[in-house]
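Notes for the one structure printed next.
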Amino acid sequence: MRKNIVAGNWKMNNDLAQTHALITDLKKQTQTSKAEVMIAPTYTSLYAAFEALRLDKIEVIAQNMHFANNGAYTGEISANMLKSVGVETVILGHSERRAYFDETDELLSKKVDAALENNMHIIFCFGEELNDRKTDNHFDIVESQIKNALFHLPESTWNNIVLAYEPVWAIGTGETASPEQAQEMHAFIRSLVLDQYNNDVAENVSILYGGSVKPSNAKEIFSKPDVDGGLIGGAALNAEDFFAIVNAFNMSY
Ligand code: 13P
């Protein structure tokens with residue numbers, strides 16, 4: 001079944017003490033929405049976050065991983081290392097990884113395979129840059145990012161995949177895709193999955209929106225039929241704002 005998810009991507013923010021402080025604040029919040037809640041702290045805080053949230057419903061997820069299980073890859077972290085500290089879900093393909101760390105569709109496809117081989121869940125990110133949208137190439141870009149990294153997968157693995165549309169021009173800029181722009185793209189993405197697989201896979205895959213989601217715009221974005229939740233950056237660093245977004249997910253949507 002399609003899940004509603006609100007995930008906080010902390011990016012390279014919060015050291016260990018700050019992680020504990022934010023989790024303490026998160027635990028004080030009450031949840032009135034049906035959305036599943038996830039947070040993605042940085043690697044050095046993952047285990048502490050997992051321990052601190054062991055009895056809580058908030059899932060601790062990772063921001064990235066390497067495709068190999070172990071070996072001579074200085075500075076990298078593998079799927080089984082993440083699993084050994086309680087992490088079952090990983091974000092892959094974030095535009096910051098693509099832009100600053102040269103992650104290509106080909107590399108991401110290998111990471112996707114490695115995560116699935118390790119029975120992990122994936123939040124797979126993609127999205128166009130401003131110029132792509134200005135030149136009306138946004139659908140083509142999104143289509144190729146999804147096809148190249150995911151469409152070799154067998155149908156059975158799609159239970160482990162969540163998609164996250166994050167237009168690069170809306171990330172950290174304060175500029176948000178309008179609810180109509182988000183819906184238009186999400187419906188397009190679902191139609192791609194339908195064409196490649198079938199109605200079951202298309203209807204059951206959750207598609208999150210990311211890019212300057214705030215308490216003030218979350219409800220409108222989440223009310224769209226093909227928007228199943230959000231991937232939240234800046235606003236996830238404040239417990240009240242984050243839960244205002246989580247709770248913008250109305251039970252009746
Ligand atoms: P902002 O919410 O800060 O725009 O970041 C979105 C994002 O990149 C989530 O992965």
Side-chain angles (χ1 to χ4, degrees), residues 3-14 18-19 22 26 35-43 45-46 49 58-65 82 87 89-103 108 111-112 115 121-130 132-133 138 141-142 145-146 149 161-179 181-182 185-186 189 206-222 224 227-249:
K3 287 181 191 162
N4 297 129
I5 297 169
V6 177
N9 175 9
W10 289 8
K11 308 191 178 184
M12 197 173 74
N13 294 295
N14 291 334
Q18 290 165 325
T19 296
L22 182 46
L26 288 170
E36 291 185 13
V37 183
M38 304 176 178
I39 56 166
T42 192
Y43 288 136
S45 289
L46 282 176
I58 301 175
E59 183 183 348
V60 177
I61 70 173
Q63 299 175 18
N64 182 33
M65 57 167 247
L82 294 176
V87 172
T89 302
V90 62
I91 298 172
L92 293 175
H94 194 280
S95 63
E96 287 147 20
R97 300 292 320 167
R98 293 176 191 260
Y100 306 140
F101 304 97
D102 297 326
E103 295 202 359
L108 290 168
K111 291 190 178 201
V112 164
H121 290 253
I122 297 167
I123 298 181
F124 187 78
C125 306
F126 48 84
E128 82 281 2
E129 294 184 25
L130 184 57
D132 302 322
R133 188 163 273 269
H138 45 300
I141 295 287
V142 163
Q145 288 173 332
I146 294 175
I161 291 175
V162 168
L163 302 176
Y165 170 55
E166 297 208 302
V168 178
W169 49 272
I171 295 179
T173 57
E175 199 167 331
T176 323
S178 69
Q181 285 172 321
M185 183 58 88
H186 284 222
I189 294 160
S206 300
I207 310 178
L208 315 184
Y209 169 79
S212 297
V213 178
K214 309 180 263 271
S216 57
N217 60 21
K219 196 175 163 84
E220 224 193 324
I221 296 171
F222 294 165
K224 293 295 175 193
V227 178
D228 304 309
L231 190 52
I232 320 300
L237 299 174
N238 176 287
E240 267 181 48
D241 286 351
F242 185 56
F243 266 83
I245 293 169
V246 169
N247 290 332
F249 229 111

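These numbers come from the heavy atoms of this one structure, side chains and all, not from hydrogens, waters or symmetry mates. Values in this document were obtained by computation on a predicted structure and should not be read as measured data. When a ligand or atom number is given, it counts from 1 through the structure's own listing order.
Inter-residue side-chain proximity for K111 and V90 is flagged as unmet; no heavy-atom pair is nearer than 4.5 Å. Under the 4.5 Å side-chain criterion, counting only non-hydrogen atoms from C-beta, M185 is not in contact with Y209.
When the side-chain hydrogen bond (donor to acceptor under 3.5 Å, both in side chains) test is applied to K224, no partner is found at least two apart in sequence or on another chain. Here E59 pairs with M38, I61, E88, T89 under the side chain to side chain contact (heavy atoms under 4.5 Å, CB included) rule; sequence neighbours left out.
Counting only residues at least two apart or on different chains, the side-chain hydrogen bond (donor to acceptor under 3.5 Å, both in side chains) pairs with a member in residues 233-248 are T32-N247.
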Starting from the N and O atoms of ligand 1, find every protein N or O within less than 3.5 Å and list the pair with its distance.
from, atom 1, to, atom 2, distance (Å)
ligand 1, 2 (O), S212, N, 3.4
ligand 1, 2 (O), G233, N, 2.9
ligand 1, 3 (O), G234, N, 2.8
ligand 1, 4 (O), G172, N, 2.6
ligand 1, 4 (O), S212, N, 2.8
ligand 1, 5 (O), K11, NZ, 3.2
ligand 1, 8 (O), K11, NZ, 2.8
ligand 1, 8 (O), H94, NE2, 2.8
ligand 1, 10 (O), N9, ND2, 3.0
ligand 1, 10 (O), H94, NE2, 2.9
ligand 1, 10 (O), E166, OE1, 3.2
ligand 1, 10 (O), E166, OE2, 2.9

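The distance from atom OH of Y43 to atom CE of M12, rounded to the nearest 0.5 Å, is 13.0 Å.
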